[in-house]
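FYI, side chains are in, hydrogens and waters are out, and symmetry mates aren't considered; it's all heavy atoms of this structure. Each ligand, and each atom within it, is numbered from 1 in the order the structure gives.
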Amino acid sequence: MIVHKKLANGFAFIEIKNSAAEAKIALQGAHLFHYERVGEEPILWLSEVSDFEYGKAIRGGVPVCWPWFGFNEDKTLPQHGFARTAIWECVSCSETDENSSSVILRLTHSQESLKMWPYLFELDLHVTISDKLTMELKTTNLDSTPFTITQALHTYFALTHISDAVIKGLDKKPYLNALTWKNEVQEGDIIFNQEVDRVYQEVDGEITLCDKNRTLHVRNENSSSVVVWNPWIEKTKRMNAMKPNAYEHMLCIESANAFDDARVINPQKSHTLKAVIY
Ligand code: BG6
């Protein structure tokens, strides 16, 4: 079942339910803000105090950061780009079988986007909801000159508790520590006992998130960078739409093309960043 719905304030989203899983995707930002496999706790974290208001990014789920990840050189432009607060169009909804449904949302250049980023483009997010969550973010250059993008599928995972969380699969990978802007190398698994904000590079394998009662895997394609983020105590207090203890129940593993992994897309060519979570 795929149903188009609206909140009382008019905020539009698509609800998907099949025999394997259920999900909700907002038209603003093509923002998946709920994904749950039948009989399990939700896989995505969503802030209890998130805004569902046009113009404000939802806190949680999977924000689409595009066409830049992080800050733009022009600091007046929004962090993580404009796609997550733009209104996308639903171009296809289909139920492949009783266990799998798929939705494609599209964003194209507009007068507003051209003021922030002067290129003609088509951006499609293809989400497949089954016992796996598959997201394919396809950028097509419709312009006559090449352009460069950085981007991320900024997945917020729900946790039993941050003290139980362990990330495996990034041992020996170089990373940029975004708290110190130093380049470092990961030694062993990642555990969390302080703020973590890192852009891992040269990532080529599966990443595993072990929580108290569940193990999840993230497999990326056409991506060699992964951002790992938990704001910890002090930053959480400064963040929008997060309760003070929110950092205890979330962490982000972001499937990215960030920093050294920026991609140049030539005219009439496409690039698809893919993330599968299972
Ligand atoms: C992460 C960054 O990707 O996104 C963090 O590494 C940042 O530094 C976080 O705080 C959240 O960003 P925003 O714009 O959603 O508050």
Side-chain angles (χ1 to χ4, degrees), residues 26 28-33 44-86 116-117 135 137 149-159 162 165 167 170 173-184 186 190 192 194-201 203 207 209 218 220 223-262 273 275 277:
Q28 172 175 283
H31 197 139
L32 181 71
F33 60 93
L44 302 178
W45 178 81
L46 176 65
S47 173
E48 296 156 62
V49 289
S50 182
D51 293 309
F52 282 88
E53 253 178 66
Y54 288 123
K56 288 188 183 174
I58 297 168
R59 177 66 69 201
V62 189
V64 174
C65 304
W66 189 95
W68 57 85
F69 173 82
F71 288 109
N72 191 284
E73 279 167 29
D74 176 352
K75 297 283 182 294
T76 63
L77 295 176
Q79 165 152 262
H80 291 330
F82 52 81
R84 64 176 174 165
T85 49
M116 292 185 270
W117 199 65
M135 295 173 284
L137 184 63
I149 54 165
T150 54
Q151 60 180 347
L153 294 162
H154 187 309
T155 310
Y156 285 77
F157 287 92
L159 301 174
I162 188 72
I167 296 178
L170 293 168
K173 297 298 179 195
Y175 67 85
L176 174 68
N177 188 335
L179 302 175
T180 58
W181 297 107
K182 285 191 178 144
N183 289 305
E184 301 186 35
Q186 180 64 36
I190 307 171
F192 296 83
Q194 59 184 334
E195 183 178 350
V196 170
D197 196 346
R198 301 175 185 167
V199 187
Y200 287 86
Q201 299 285 348
V203 180
I207 297 155
L209 169 60
V218 181
N220 298 328
S223 153
S224 62
S225 50
V226 167
V227 182
V228 175
W229 178 60
N230 178 285
W232 211 248
I233 300 165
E234 291 308 317
K235 185 163 177 175
T236 301
K237 290 182 192 161
R238 301 194 300 272
M239 306 269 315
N240 298 328
M242 277 182 111
K243 280 188 160 179
N245 70 339
Y247 77 96
E248 294 177 356
H249 301 291
M250 53 70 62
L251 66 77
C252 292
I253 301 175
E254 305 166 34
S255 308
N257 293 120
F259 294 90
D260 293 351
D261 189 25
L273 167 66
I277 295 168

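Atom CZ of residue F259 and atom OH of residue Y175 lie 14.5 Å apart, to the nearest 0.5 angstrom. We find the OG1-NE2 distance between T150 and H80 to be 10.0 Å, quoted to the nearest 0.5 Å.
Sorted by chain and number, the residues within 4.0 Å of ligand 1 by heavy atom are R59, F69, Q79, H80, R84, H154, D197, V227, W229, K235, M239, E254.
More than 12 heavy atoms of other residues, nucleotides or ligands shown are found within 6.0 angstrom of NZ on K75. For E48, the CD atom sits in a loose shell: 12 or fewer heavy atoms of surrounding residues, nucleotides or ligands are nearer than 6.0 Å.
Side-chain contact between M242 and R59 is present, with heavy atoms from C-beta onward closer than 4.5 Å. In this structure the side chain of M116 never reaches within 4.5 angstrom of the side chain of N72, judged on heavy atoms.
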